[in-house]
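Along the sequence shown, residues are numbered consecutively beginning with 1.
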Amino acid sequence: MQDYEKLGAFYLGRAVDPNTNQPTDELLLYDSADLTTHAVIIGMTGSGKTGLGLSLIEEALMDGVPVLAVDPKGDLGNLLLTFPHLAPGDFRPWVDEAEAARAGVSADELAAQKAALWRKGLGEWGQSGERIRTLREKADFAVYTPGGSAGLPVSVLKGFDAPPPEIMDDADALRERIQGTVTGLLGLLGLDADPLRSREHVLLSNLLGHAWGEGRSLDMGGLIAGIQAPPFAQIGVMPVDAFYPPRERFELAMSLNNLLASPGFAAWTQGEPLDVGRFLFTPEGRPRVSVMSIAHLNDSERMFFVSMLLNATLAWMRTQSGTSSLRAVLYMDEVAGYFPPNGNPPSKPPMLTLLKQARAFGLGVVLSTQNPVDLDYKGLSNAGTWMIGRLQTDNDKARVLEALQGATSGPNALTRDQLDALLSGLGKRVFLMHNVHEARPTLFTTRWTMSYLAGPITGTQIRRLMGERTADGRWQKADGGRQKAEGQTGVSPSAIGLQPSAPAKPVVPPGITEVFVPTGAPDVQYHARLLAVAQVRYASVKYRVDVAGVLPLVVDVTDGPIPVTWDGATDLPIDPNTLEQSGVDGATFSDVPAALLNAKNHARWAKEAAKFVAGSRPLTLWQEPGSGLISAPGEAEGDFRARASLAGREARDAAVQKLRAKYAPKVAALQDRLARAQGKVQQQQAQQAGLQAAMSVGVGVLGALFGGGRKTTALRSGVSGVGRSMREGQDVQAAQTELAQVAAQLQELQTQVQAEVDALTLTASSDLVQVDVKAKSADVTVPLVALAWLPYTRAASGLLTPAWDTLT
């Protein structure tokens, strides 16, 4: 592992000497924690902006940081083109046939050239196929196409879910959420509605606010019904019918109904819900990069989706704990139009809120554009890092200079003329970085990307990349595996011990409690099983847990010598308080085993169930062995892995800060001695030779720790060559001796720091230890044993699918 990867630094390229415009040996290392203050990347087409953005995302993933990326043009899909073997066959499907024809070579020959080019380019930047392999092992990659079918689908319009309590308790956040949702929805209808003046906007906002205030979500059908018959009598002080007459409301309802009935609408209702947590981590807790490809959408559809996604990101953010380390990255390519200086599109308020508040939650926002005049620079004053490449027009440069002057300050700040000169001389893949955490702006050239840059990824190519994943259901919700084990997917009746069904419900004798599991399905078959609801307390001083809850279990009953085998019991993921006393009208019912109709058995089964829970149903926790961190009761393994990973980065970042604080005075003292030794040499010699030697120190661990001008004056490593540069002039011998002593001390310091860096590891391990906390017999009671009717629906193939409402 390279030193910078242990230290959580993003390897973005190499520093460029502003006097020669040539790359130096100094690595440009960007502290991951600096990204919590957000970043802006600006550069015209051909400036290398896309490569820089992909490199930044790659580095985040290498550090275990997930990324949610919005891709209006299709460039970010290149993140999935990573080939550890760097073989021509890997590149062959992605080379441009037209490019091969123009070059007068076959596609196979072009693929071989691309493979050789990438191998050479990576090697020149100290990278290899092994680092690509590590990248692929560390992260999961996905491309979503909301409103389309090429990639993974996203369900955006299936319903407008009530926000979490963190949003509901914040009046400003709730208002922004409602306003953004309604503005985006009306935009799909071609209505540019003012939130204060538009009757459509005011009505829909009140409908959403009313439903969410009651804790209810709305689907499109419910929204249409609410337009026709609002659940409130007034809007403001006016009667609803006076504010918005019924006939005109009907026209709005019809417009939404036409949208609902349109052929393309189904694509907006299918797929994964708009759940940012699922976009950032797999159910197993593995970090992801989720690319939201929206190139196939029209302008109003893009605006609608982006505003919904940003609001969902805000809602997710507010449910997270505070941290100073980088938890996740929101990357948006080609942001022009979504964050304009004038106007207030629905995407702008949530973006501005993210820029102002996301830092406290460890969410870094990165915005990229080639049109700087189209950005709200007042809002971007919240961005701590600016990476500026070659610009297209003088107006672009003037706007950037204005913004940079407002963002830079302090004794080492560059003047407008100096900034102008630097920006005017930028070449391809060369950027000027202003970082508020650094003393001065830095010129750097970007490194070679691990991802193959094939150009914008088309819908056909996305389908090729994601086809298998959309078909195999790879990404289910975190409890998907458990649901499958419990019969949540289609099965044959005999496979789960179900009895043949009959039209009439069997008679249940007195003394037996009978309950119905709730369902929303209209046509179901009920099957009888034994339900035992246990009340359990799990307590352990060692693992600092004391929690109580209910555990509903269902088990098959037979008429054999042993009617119930508790080892075959499964958890029923429902709230026992929702159990009903009657079933759905018109349902059919299974036969009931005779043993289940014997009231005497129920009392015995209650005792057996309590014994079974105490002995075989422990509370499962997860422990990270490196830090000792333990999951919370009910916390999914994947959620805990994500939390443990963040805790590990927080501990690593704190250790790095201690190292910097420990060695910064020593580094400063050595630099002061270097400066005084140089003063003994004639000015001309110092400029030509001595300065070069003194400033060529630190691509090693010191450069990784303080690199890029970090917290001290720039430090570089090659202490060799000091003697050669000081062989001429008066007092050369004394200066040479002094410099040799400083060089030796720098080398000694490098060795000391290296030893401490070697001891630095991310405390979060990929191997978790399962911890089982068993309940004491006295802490288990079974207040309810009942004949439970479980609802199923039958497919044409005869397979049965559970139809009960599960806990989420």
Show the nearest heavy-atom pair for residues P372 and R399, with the distance to one decimal. O-CG, 4.2 Å

Indicate whether the side chain of T578 and that of D575 have a donor and an acceptor atom separated by less than 3.5 Å. no

H296: side chain to side chain contact (heavy atoms under 4.5 Å, CB included) partners, not counting sequence neighbours: T145

Interatomic distance, K397 atom NZ to I388 atom CD1 [nearest 0.5 angstrom]: 12.0 Å

Return the CG to OG1 distance between L223 and T181, rounded to the nearest 0.5 Å. 10.5 Å

Between E284 and R286, does at least one N-O distance fall below 4.0 Å, as a salt bridge requires? no

For R302 and A295, indicate whether the former's side chain and the latter's backbone hold a donor-acceptor pair under 3.5 Å. yes

Under the rule for side chain to side chain contact (heavy atoms under 4.5 Å, CB included), what residues qualify as partners of S262, not counting sequence neighbours? L259, F265

Before giving the answer on side chain to side chain donor-acceptor pair (under 3.5 Å), spell out for N298 and S300 the whole-Å C-alpha distance, their side-chain angles and the decisive distance to 0.1 Å. CA-CA 6 Å; N298 61 40; S300 61; 2.9 Å; yes

Worked check of side chain to side chain donor-acceptor pair (under 3.5 Å) between S645 and R641: CA-CA 6 Å; S645 176; R641 284 185 183 276; over 6 Å; no

Examine distances only and state if a side-chain atom of T519 and a backbone atom of A803 form a donor-acceptor pair shorter than 3.5 Å. yes

Please check: side-chain N/O of D396 versus main-chain N/O of L391, any donor-acceptor pairing under 3.5 Å? no

Between the side chains of E650 and R643, is the shortest nitrogen-to-carboxylate-oxygen separation below 4.0 Å, so that they form an ion pair? no

Expected output: side-chain W212 to main-chain F160 donor-acceptor under 3.5 Å: yes

Keeping the roles fixed (side chain from N382, backbone from G379), state whether a donor-acceptor pair exists under 3.5 Å. yes

In a check of side chain to side chain contact (heavy atoms under 4.5 Å, CB included) between V70 and each of I294, L310, V291, which one passes? I294

Listed pairs under 3.5 Å, donor-acceptor, residues 224-244 side chains, sequence neighbours left out:
| from | atom 1 | to | atom 2 | distance (Å) |
| --- | --- | --- | --- | --- |
| Q234 | NE2 | V237 | O | 3.1 |
| D241 | OD1 | R249 | NH1 | 2.9 |

Just jot down the salt bridge (Lys or Arg N to Asp or Glu O under 4.0 Å) partners of E166, sequence neighbours excluded, or say none. none

Below 4.0 angstrom, N of the basic side chain to O of the carboxylate: do D172 and R175 qualify? yes

Only counting residues at least two apart or in another chain, list the ones meeting side chain to side chain contact (heavy atoms under 4.5 Å, CB included) with L191. L186, L189, E200

Holding to side-chain hydrogen bond (donor to acceptor under 3.5 Å, both in side chains), I want the full list of residues that pass it with T793, two or more places apart in sequence or in another chain. none

Just so I know, are the side chains of V67 and L79 near enough to count as touching, which here means a heavy-atom distance under 4.5 Å? no

I'd like to check the salt bridge (Lys or Arg N to Asp or Glu O under 4.0 Å) partners of R359; sequence neighbours left out, ordered by chain and number. none

Any chance you could lay out the side chain to side chain donor-acceptor pair (under 3.5 Å) test for R327 and S321, step after step, and finish with the verdict? CA-CA 10 Å; R327 169 184 268 121; S321 60; 3.0 Å; yes

Listing, residues 335-351 side-chain donor-acceptor contacts under 3.5 Å, not counting sequence neighbours, or none:
| from | atom 1 | to | atom 2 | distance (Å) |
| --- | --- | --- | --- | --- |
| S347 | OG | Y338 | O | 2.7 |
| K348 | NZ | P340 | O | 2.8 |
| K348 | NZ | G343 | O | 3.4 |
| K348 | NZ | D376 | OD2 | 2.9 |

Taking all non-hydrogen atoms of both residues, which atom of S290 and which atom of Y144 are closest, and how far apart? OG-CE1, 3.6 Å

Whether over 12 other heavy atoms sit under 6.0 Å from N258 CG: yes

Output all residues satisfying salt bridge (Lys or Arg N to Asp or Glu O under 4.0 Å) with D299, sequence neighbours left out; order by chain, then residue number. none

Which pairs, with at least one residue in residues 177-189 and sequence neighbours excluded, count as a salt bridge (charged side-chain N to carboxylate O under 4.0 Å, His left out)? none

Using residues 362-370 as the side-chain source, report each donor-acceptor pair under 3.5 Å to any protein atom, sequence neighbours left out, with the distance given to one decimal.
| from | atom 1 | to | atom 2 | distance (Å) |
| --- | --- | --- | --- | --- |
| S368 | OG | D333 | OD1 | 3.3 |
| T369 | OG1 | N371 | N | 3.0 |
| Q370 | OE1 | T45 | OG1 | 2.9 |

L352 side, atom CG; E176 side, atom CD - distance, nearest 0.5 Å: 8.0 Å

Tell me whether the rings of F305 and W268 are parallel (<30°), tilted (30 to 60°) or perpendicular (>60°). tilted

Contacts of P287 meeting side chain to side chain contact (heavy atoms under 4.5 Å, CB included) (sequence neighbours excluded), chain-then-number -> P66, F281

